[in-house]
Amino acid sequence: MATADESSGSWFGADGQVSQRRGLLFKLSCLGATLLALLLVLVFLLYVANDAIQPFTADSGWLATVAATVVLPALALAAYYYRDAGPSGTVAYISLGLPIATTLLTGGVVILFRHVISPHGWLALAIAAAVAAAVLEAHARTRTASALERLAVVVLVPWFALIGIPGFSVDYTVKTPLLGQELFDLTMSVPTLVPSLRGLIVSLPVLPTAALSLLASFTLPIAAVAAMYVRRVRESDRAGAIGGVATLVAAGLGMVAAPIAGLAPETGVIAATVVGTPVGLYVESVQRRGEGTAGLAFPVVIGGGAVLAAVLVNALGFAGPDLWLDWQFLNSSHSTTPADAGIYPALVGSVMMLTVVAVSAFPIGVGAAVYLEEYAPNQGRAGQFVEFIEINIANLAGVPSVVYGVLGLALFVRTAGLQSGIVVVGGFTIALLILPIIIVSAQEAIRGVPDSMRQASYGMGATKWQTVRSVVLPRAMPGILTGTILALGRAIGETAPLLMVGVAAVVRIPPNSFFGLFSAMPRQIYSWSRLISTDFRYGVLAAGVLTLLIVMLMMNASAIVLRNKYQRNS
């Protein structure tokens, strides 16, 4: 057994004295490498932010006003939290970051309802899904039918509620088997045979406005979830009802106030719901705990200082910085003039591509992980084959991304015959890229669930599927979501696979469907880097890079929050 000599700083063991010098040098080397990496990242971010924002192009009076009203009060309050009120500091940083994160999320939701599904389409989808769920629940309570009848009901009811029996068309040229001589054209078109409930709702002559549709189909479910959460933590039906009603009232106020600010009413509903609900729940939790409530003043001080600064610089006539990253850049399409160039079509394309990636990769990846961890044999020849598959999945996670681009080109364009450069082709190709990452991370999360919980479930008479569904997956889901979000963060920044499948460098119109041509943010940034104009290569390019970095950092921050929550629950 080794012991330490405090006077000389050396260790003594059975084989003689052991010096700590090598260990100390190794520790200092690791510290130096860490500090160097952080310094390089910080320098890169400052360089990009300086090109995108150009703070020193502003008048000195503008800089002094902002420093006096925003920066100095924020630094003074942060110093107070650090020295005298630690819990308040945590509350302050979360209460400041939460509105920023949810505002960015609001932008993504607005894009979804503007380009992917209309508010009326979402309303019809929500009503049809609710009717199907009610029918299934009523059938389960009133019929003790056979498993075959239950399976038929479970399949057919959602099918006719959401899809129906659509029409089809055939346009095929019949040719001779060997010579390929055209004989005749076979053309046939059959209209919709049985319309779905969703289609019937959309075709109604009178529908609520887009904002009211979102209020009923988007805000109402979120308000119900908020009400249940408040009811559970407060153990009060009245508090839960107040929480739900407050969410609906906030969304209604957003609908009314949005036109005053020059926004669409539906944007006001989405912003009030996505930003107001989590911020309100967080403020409620801080007040309920009664710890760190002083930290809630931090965003108020910064927001009030920003408003005061805007009033003062307008009154005094100070010019602000010459921004490249502003609202016009985020809301405009590409232009040959650097000052008019924007990233909006590429931003919409990235959001739609990520939707395809998440919908296609998440269920396949999690399903594969569940099978490999819970159902796959681990002994005999079958077990060896499963181990061989797992080794190959781990190796696929390290394959260069350009190889996945070639694979996507061969599978989806050459073999399946899909048009190159459309959203689904880009999404499926990126999904192939991150699929091994999702599988491996989901396996680790499932493997982390203690076996004692499985044994306890089996001991209570639960089946294998019931144990996986009710015990393993809920326990592993935070880890699965963390790995998935990190994988999506890598997916949004990939360029090489998009180049291989023919994604356009520049599009001036955002895609209106998943089968439309699109461009993505990294592809657009790559095209800007090749332009000769200095403003494109530095100003516009830096604004695009900063936008992409902000989106990626927000996704990684979400993963960190989920991981911390999972660790606290554990």
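All of these numbers come straight from a predicted model, not from anything done at the bench.
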Does atom [atom1] of [X] have more than 12 heavy-atom neighbours from other groups under 6.0 Å away?
| X | atom1 | value |
| --- | --- | --- |
| E291 | CD | no |
| L330 | CG | yes |
| Y526 | OH | no |

At what distance, to the nearest 0.5 angstrom, does [atom1] of [X] lie from [atom2] of [Y]?
| X | Y | atom1 | atom2 | result |
| --- | --- | --- | --- | --- |
| M353 | R523 | CE | CZ | 12.5 Å |
| Q443 | I393 | CD | CD1 | 6.0 Å |
| L546 | D51 | CG | CG | 10.0 Å |
| L215 | M255 | CG | CE | 5.5 Å |
| E266 | W122 | CD | CH2 | 15.5 Å |
| L498 | T429 | CG | OG1 | 8.0 Å |

Please confirm whether the backbone N or O of [Y] pairs with a side-chain atom of [X], one donor and one acceptor, at under 3.5 Å?
| X | Y | result |
| --- | --- | --- |
| T69 | L308 | no |
| S332 | F329 | no |
| R508 | H334 | yes |
| W62 | V313 | no |
| T337 | A339 | no |
| T273 | A251 | no |

Are any of the side-chain heavy atoms of [X] and [Y] separated by less than 4.5 Å?
| X | Y | value |
| --- | --- | --- |
| F362 | L481 | yes |
| I480 | T484 | yes |
| Q328 | L323 | no |
| K27 | L24 | yes |
| I446 | V370 | yes |
| V507 | F518 | no |
| V501 | F412 | no |
| Y47 | N50 | no |

Verdict with supporting geometry, Q524 and S527, side-chain hydrogen bond (donor to acceptor under 3.5 Å, both in side chains): CA-CA 5 Å; Q524 178 73 72; S527 67; 3.3 Å; yes
Geometric class of the F298/Y81 ring pair [parallel <30°, tilted 30-60°, perpendicular >60°]: perpendicular
Check [X] against [Y] and note the closest heavy-atom contact, atom names and distance.
| X | Y | answer |
| --- | --- | --- |
| S335 | F536 | O-CZ, 3.1 Å |
| P299 | A92 | CD-O, 4.4 Å |
| N331 | Y344 | C-CB, 3.8 Å |
| A431 | S360 | CB-OG, 3.4 Å |
| L433 | P497 | CD2-CG, 4.5 Å |
| A58 | G320 | CB-C, 3.5 Å |

Residue pair V551, L104: steps toward the side chain to side chain contact (heavy atoms under 4.5 Å, CB included) verdict: CA-CA 8 Å; V551 175; L104 293 175; over 6 Å; no
Check: F113 ring centroid to F218 ring centroid under 6.0 Å: yes
Steps toward side chain to side chain contact (heavy atoms under 4.5 Å, CB included) verdict (V413, L418): CA-CA 5 Å; V413 178; L418 296 173; 5.5 Å; no
Worked check of side chain to side chain contact (heavy atoms under 4.5 Å, CB included) between T219 and L214: CA-CA 6 Å; T219 304; L214 286 179; 5.6 Å; no
Side chain to side chain contact (heavy atoms under 4.5 Å, CB included) assessment of V286 paired with I94: CA-CA 11 Å; V286 172; I94 294 178; over 6 Å; no
For V403, all residues meeting side-chain contact (heavy atoms from CB on, under 4.5 Å), sequence neighbours excluded: V399, P400
